[in-house]
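First up is the structure itself, then whatever we jot down about it.
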Amino acid sequence: KQHVDVGFVLGGAAGKQSYEQLQSLGAVAYQPLTIFYRGEKRELLSAFKGLRINIGPAGSGTHDLALALLKLNGIAPGDGTVFDTTDFADPAQALAEDRVDVVFLMGESTDRTVIRKMMRDGGVQLFSFIQSDAYVRRMHTLNKLHLPRGSLDLGNDLPPEDVFLVGPTVQLVARETLHPALSDLLLEAAREVHGRPSLYRKQGEFP
C-alpha cells in the first residue's frame with residue numbers, strides 16, 4: 001500500500017496471507033536473533049517465564065518473532081511475565097541498570113561492538129539455542145546459525161563457547177510490475193554487497 005517499489009522484508013513476515021502483486025527477488029542475508037540476559041545460565045527459553053523481557057517495539061520484526069518463540073515455550077502476556085516494548089538506544093545499559101532481565105535483539109542492534117560490550121559484562125550472558133534444530137523444524141522461516149567460540153574476539157575468547165542462534169532471512173521484495181531490467185540490476189548490486197563473507201554467511205552464499 002506504500003509508494004515504494006522495492007523493500008527488504010523478513011522471511012515469514014507475511015504469515016499466511018498471500019500478496020500476489022509482490023515477488024521476491026531472492027534472499028540477501030540472515031537476520032540473527034540474539035538474546036542477552038542477566039544472572040545464571042539458562043538453557044531453555046521457558047526459563048525466562050516470570051522475568052522482565054524486552055521484546056522491542058510493536059510492529060518490529062524482533063517483537064513478532066520474540067512473541068512467537070516465547071509462545072512456543074508457554075510464555076504469554078498475563079502469566080506473570082513482563083513484556084517491555086521500549087526501543088532502547090543502549091540495551092547493554094538497560095540490562096546493567098536492572099531495568100530489564102532479558103533483551104531480544106535483531107538487525108543493526110546486534111553488530112559485533114554491541115555483542116562484545118554485552119559479553120564483557122560478567123553478569124550478562126548470550127543465550128544459545130541448544131534446541132535450534134527443533135525450532136527450525138517448528139518454524140520453517142527460521143535458519144540455524146552458528147557463532148563459533150572466539151569468533152567475536154580471539155584474544156578475549158568471546159564467545160567462550162560455541163553459540164547457536166536462529167533467525168529468518170532478509171528477502172528483497174518488489175512489485176510484480178518492476179521492469180525485469182531493474183530486477184537484474186538490483187540482483188547485481190545485491191551480489192556485490194551481500195555476496196561477501198561475514199560473521200554468519202559464507203562467500204557467495206547470498207543472494
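- Annotation: the span from Leu147 atom CG to Thr34 atom OG1 amounts to 9.5 Å, rounded to 0.5 Å.
- Of all the heavy atoms in His63 and Pro57, the pair that sits closest is CB-O, 3.2 Å.
- The ring pair (Phe, Tyr, Trp, His ring centres under 6.0 Å) test applied to Tyr37 returns Phe48, not counting sequence neighbours.
- In terms of heavy-atom proximity, Leu165 sits nearest to Val163 at CD2-CG1, 3.7 Å.
- The aromatic rings of His146 and Phe164 sit parallel, their planes meeting at an angle under 30°, below the 60° perpendicular limit.
- No donor-acceptor pair closer than 3.5 Å links the side chain of Arg201 to the backbone N or O of Val28.
- Leu172 is not listed as a side-chain neighbour of Pro207, based on a closest heavy-atom distance of 4.5 Å or more.
- Distance check: Asp87 CG to Thr62 OG1 gives 9.0 Å after rounding to the nearest 0.5 Å.
- Atom OG1 in Thr169 sits 9.5 Å away from atom CG in Leu142 (nearest 0.5 Å).
- For Tyr19, there are no ring pair (Phe, Tyr, Trp, His ring centres under 6.0 Å) partners, not counting sequence neighbours.
- The CG atom of Leu126 sits 5.0 Å away from the CZ atom of Phe36 when rounded to the nearest 0.5 Å.
- When all heavy atoms are compared, the tightest approach of Leu145 to Pro32 is CD1-CB, 3.6 Å.
- Counting heavy atoms from C-beta outward, Met139 and Leu65 have side chains that approach closer than 4.5 Å.
- Here the closest non-hydrogen pair linking Gln31 and Met106 is CG-CE, 3.2 Å.
- Annotation: salt bridge (Lys or Arg N to Asp or Glu O under 4.0 Å) contacts involving residues 150-167, sequence neighbours excluded, comprise Lys41-Glu161, Arg120-Asp153, Arg149-Asp157.
- Among pairs with a residue in residues 185-199, none fulfils salt bridge (Lys or Arg N to Asp or Glu O under 4.0 Å), at least two apart in sequence or across chains.
- When atom types are taken as modelled, the side chain of Thr81 and the backbone of Gly50 share a donor-acceptor pair closer than 3.5 angstrom.
- With sequence neighbours left out, the side-chain contact (heavy atoms from CB on, under 4.5 Å) criterion links Val100 to Asn54, Asp84, Phe88, Ala94, Leu95, Val103.
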* Given side-chain contact (heavy atoms from CB on, under 4.5 Å), test Leu33 with Tyr135 step by step and report yes or no. => CA-CA 12 Å; Leu33 173 70; Tyr135 280 102; over 6 Å; no

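- In plain terms, the two heavy atoms of Gly74 and Asp79 that are nearest each other are O-OD2, 3.7 Å.
- A donor-acceptor pair is defined here as one N or O able to donate and one able to accept, closer than 3.5 Å; no such pair exists between the side chain of Gln21 and the backbone of Glu176.
- Sorted by first and then second residue, the salt bridge (Lys or Arg N to Asp or Glu O under 4.0 Å) pairs with a member in residues 129-140 read Asp133-Lys144; sequence neighbours excluded.
- Looking only at distances, a side-chain donor or acceptor of Arg175 sits under 3.5 Å from a matching main-chain atom of Val4.
- Taking CZ of Arg42 as the start and CG of Leu51 as the end, the distance is 5.0 Å to the nearest 0.5 Å.
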